2 protein chains.
Amino acid sequence: MVTIGDVAQAAGVSRSTASYALSGKRTISAEVRQRVNDAVRRLGYTPNAGARALATSQTMVIGLLAQFLEDEFAPAMLQYMLGVSDTARELDYDILLVTEADGARALSRITDSRMVDGIVLLNVAQDDLRLPILRAAPQPGALIGLPGDCTGLDVFDLDFEEAGRMMIEHMYALGHRELILVSQPEHVVERGGAYVWRLQDAALQQAERREIRLHAVFGESRQPAIGQTLHALLDAHPAATGLLLNNEAAAAALPSVLHTRGLAVPHDLSVIGRYSDEFARTFSLPYSSIESAPDRLGRMAVRQLVRRIESTEQGEEPYVVRFISPELIDRGSTGAPGPAS
Amino acid sequence: MVTIGDVAQAAGVSRSTASYALSGKRTISAEVRQRVNDAVRRLGYTPNAGARALATSQTMVIGLLAQFLEDEFAPAMLQYMLGVSDTARELDYDILLVTEADGARALSRITDSRMVDGIVLLNVAQDDLRLPILRAAPQPGALIGLPGDCTGLDVFDLDFEEAGRMMIEHMYALGHRELILVSQPEHVVERGGAYVWRLQDAALQQAERREIRLHAVFGESRQPAIGQTLHALLDAHPAATGLLLNNEAAAAALPSVLHTRGLAVPHDLSVIGRYSDEFARTFSLPYSSIESAPDRLGRMAVRQLVRRIESTEQGEEPYVVRFISPELIDRGSTGAPGPAS
DNA sequence: CTGAAAGCGCTTACAG
DNA sequence: CTGAAAGCGCTTACAG
């Protein structure tokens with residue numbers, strides 16, 4: 001392989017001069033710089049990443065920890081991953097993707113061995129076992145998802161409480177007084193998926209304040225189970241005039257459920273979901289929804305992470321916990337309460 | 001950070017002895033091995049990946065190049081990625097995920113800089129610009145997807161020709177004589193997505209052999225366009241008694257289309273798709289389908305790649321082009337031709 | 001069975 | 001403005 005020594009030799013300079021000419025970290029005469037650049041091009045030189053990492057203690061790689069759990073909706077995860085990956089590349093970082101079931105172990109492995117300069121954690125749980133490891137690691141970490149304890153980490157998430165309130169307020173303003181909220185599976189809650197109860201609790205509170213009857217249930221993450229659940233719910237609550245969905249699989253299943261029941265949106269039933277616009281487009285979901293903005297969250301997390309990586313780790317800037325304000329994308333699926341189903 | 005020097009010192013041996021004790025590459029007295037292991041545990045030592053890579057020319061990282069194109073169905077890509085990632089970890093490799101639009105450039109970057117020991121390419125096109133770069137790279141490469149020229153690379157793919165014939169034969173045996181085949185968007189073809197025409201051409205040939213009328217069209221990859229296309233096709237070919245889908249988005253859209261038209265499967269229409277069982281489960285697609293086996297393909301590609309990485313690169317074993325035989329998973333969506341729609 | 005030394009390919013003080 | 005040298009943390013011939 002061609003090394004910087006070869007480049008130096010070809011350019012007739014020392015290795016250090018060649019290195020400085022390439023990094024621009026000290027002033028180099030235009031002529032020498034030219035000779036070095038020519039040699040680089042002629043020889044096809046690219047610095048060896050391992051050697052550079054060893055010398056600089058910087059790998060220019062970010063670790064991305066994602067878990068694909070049976071009871072979560074995989075296509076939604078992908079959006080976050082792509083947001084992280086795209087932003088990382090813009091900032092000149094590569095992505096080490098880790099999908100192991102044992103996330104804590106995997107995290108130790110890649111931080112201890114210095115494979116990465118920083119970490120982005122997905123599927124963050126309330127009491128996430130990976131957090132103590134991440135806090136103890138020499139690399140900074142950014143989370144997408146709010147854990148119980150944010151100490152020592154930068155955290156980014158959708159404001160699920162506000163999302164829950166917003167769903168209720170929107171329906172309330174239109175005149176709805178009885179609603180159904182379908183959340184993710186209870187397994188997700190048991191595993192510490194705080195976003196489930198953050199939205200649900202806030203929605204329940206707001207409903208109480210507005211004297212709305214809100215039937216809140218956990219739904220499955222798979223077809224056909226979730227479709228059957230939706231049917232059962234509509235059967236059980238014939239007076240409900242609106243449906244709130246914090247569950248991607250439910251949203252994907254709904255068109256066929258409504259079709260079967262001969263219900264039109266928003267005439268017979270108003271619907272608000274919570275998912276990304278990309279998701280809505282892929283499945284052509286015609287429901288107004290709270291944008292979950294996975295790309296924006298990925299971008300924010302990586303930007304902050306890189307800032308922290310590159311800030312000369314001296315005066316530790318305070319850690320941030322940043323919530324994205326939910327936005328309701330209107331797709332025309334809500335209106336005045338129709339005939340109860 | 002704790003280095004092997006610290007371990008050696010704590011164990012009262014030389015660095016080389018510590019290294020050998022850990023690698024097991026030469027015989028070490030039980031007692032010394034014990035002391036070294038204790039020191040490792042006590043100090044919490046993990047080898048520095050960059051240093052090891054520099055010394056051994058092995059990174060234990062595999063590059064995974066995936067492209068998320070507007071006109072391909074992203075959730076399907078994810079399955080391949082997870083198959084690759086899981087198998088890599090089993091074999092002790094990590095995954096560098098590269099999703100850049102400019103795949104050729106990205107490939108040069110990670111191979112030239114020796115960030116990876118090998119490469120897995122996804123979304124392989126007939127005349128893929130990344131292939132010449134990969135062939136010239138010092139690392140071996142494995143493809144998931146068949147290009148026009150397989151020279152110097154290991155290639156894994158579903159046997160799409162056989163899949164096309166199998167679809168036709170299955171329908172023929174049941175008595176069908178007029179069918180519709182919906183493939184991926186024409187853009188995919190123009191970009192060199194050979195699997196599209198491999199299946200389609202084989203199906204057309206086989207149909208001719210069997211004197212079946214086969215209406216073959218390209219369909220969109222998004223809703224609602226693909227749904228409308230399906231409606232238009234069923235309108236245009238009222239005598240067709242079966243539908244063949246080499247298009248994930250079409251499969252996802254079909255339930256609602258059939259519902260609208262009041263068609264029952266297989267009574268009114270027989271259907272065969274081509275997608276993964278995982279995909280079928282996520283969307284509860286009730287159609288018999290040719291399993292695309294993304295996990296199996298990912299596994300095969302990584303296994304072969306690692307074998308090649310670790311074979312002491314001497315006597316170059318011959319490169320392989322391996323096709324998975326299609327399997328039709330029966331979900332009961334085919335039967336004798338019903339009343340033409 | 002073990003140690004001292006060289007080397008992997010970079011970067012960056014230290015000198016001039 | 002440039003060079004000689006040290007060092008990052010490993011592994012692995014070379015010697016004993």
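Worth saying up front: this structure is predicted, and the values here are computed from it rather than measured. By convention in this document, chain letters (A, B, ...) are assigned in the order of the sequence lines, proteins followed by strands, and residues within each chain are numbered from 1.
Between B/Arg41 and B/Asp38 there is a salt bridge, since at least one side-chain N of the basic residue sits less than 4.0 Å from a carboxylate O of the acidic one. A salt bridge does not link B/Asp154 to B/Arg307: none of the charged side-chain nitrogens sits closer than 4.0 Å to a carboxylate oxygen.
Using a 4.0 Å cut-off, some side-chain N or O of B/Ser14 falls inside it from OP1 or OP2 of C/dG3. For A/Lys25 and C/dT11, the shortest distance from a side-chain N or O to OP1 or OP2 is not below 4.0 Å. Between C/dC10 and A/Tyr45, a contact under 4.0 Å exists linking OP1 or OP2 to a side-chain N or O. At the phosphate of D/dT11, OP1 or OP2 sits under 4.0 Å from a side-chain N or O atom of B/Ser19. Side-chain nitrogen and oxygen atoms of A/Ser29 include none within less than 4.0 Å of the OP1 or OP2 phosphate oxygen of D/dC1.
For B/Val32, the side-chain atoms get nearest to C/dT2 when compared with the rest of C/dT2, D/dC10, D/dG3. Closest to the side chain of B/Ala55, from the set D/dT12, C/dT11, C/dG7, is C/dG7.
The CG-P distance, from B/Leu54 to C/dA6, rounds to 17 Å in whole Å. Distance CG (B/Asn48) to P (D/dC10): 6 Å, rounded to an integer number of Å. For the pair B/Arg15 CZ and C/dG7 C1', the computed distance is 11 Å after rounding to whole Å. We find that CZ of A/Arg114 is positioned 10 Å from P of D/dC10, with the value rounded to whole Å. If you measure from atom CD of A/Glu31 to atom P of D/dC1, you get 12 Å, rounded to the nearest angstrom. Between B/Met1 atom CE and D/dG9 atom P there is a gap of 6 Å when expressed in whole angstrom units. The CD atom of B/Gln34 sits 16 Å away from the P atom of C/dC1 (whole-angstrom rounding). Here the P atom of nucleotide C/dA4 and the CD atom of B/Gln9 are 13 Å apart, to the nearest Å.
Using Watson-Crick or G-U wobble geometry with both donor-acceptor distances under 3.5 Å, C/dG16 finds its partner in D/dC1.
Counting heavy atoms of neighbouring residues, nucleotides and ligands inside a 6.0 Å radius, atom CD of B/Gln9 does not exceed 12 of them. Atom CZ of B/Arg105 has 12 or fewer neighbouring heavy atoms from other residues, nucleotides or ligands inside a 6.0 Å radius.
The main-chain N or O of A/Val84 is never found under 3.5 Å from a side-chain atom of A/Thr87 such that the two would form a donor-acceptor pair.
Contact of B/Tyr20 with D/dA13 (side chain to base): a donor-acceptor pair of N or O atoms is detected under 3.5 Å. No hydrogens or angles were tested; on distance alone, a donor-acceptor pair under 3.5 Å links the side chain of A/Arg26 to the base of D/dT2. On a pure distance criterion of 3.5 Å, no polar donor-acceptor pair joins the side chain of A/Arg52 and the base of D/dG9. A donor and an acceptor atom sit less than 3.5 Å apart, one in the side chain of B/Ser16 and one in the base of C/dA4.
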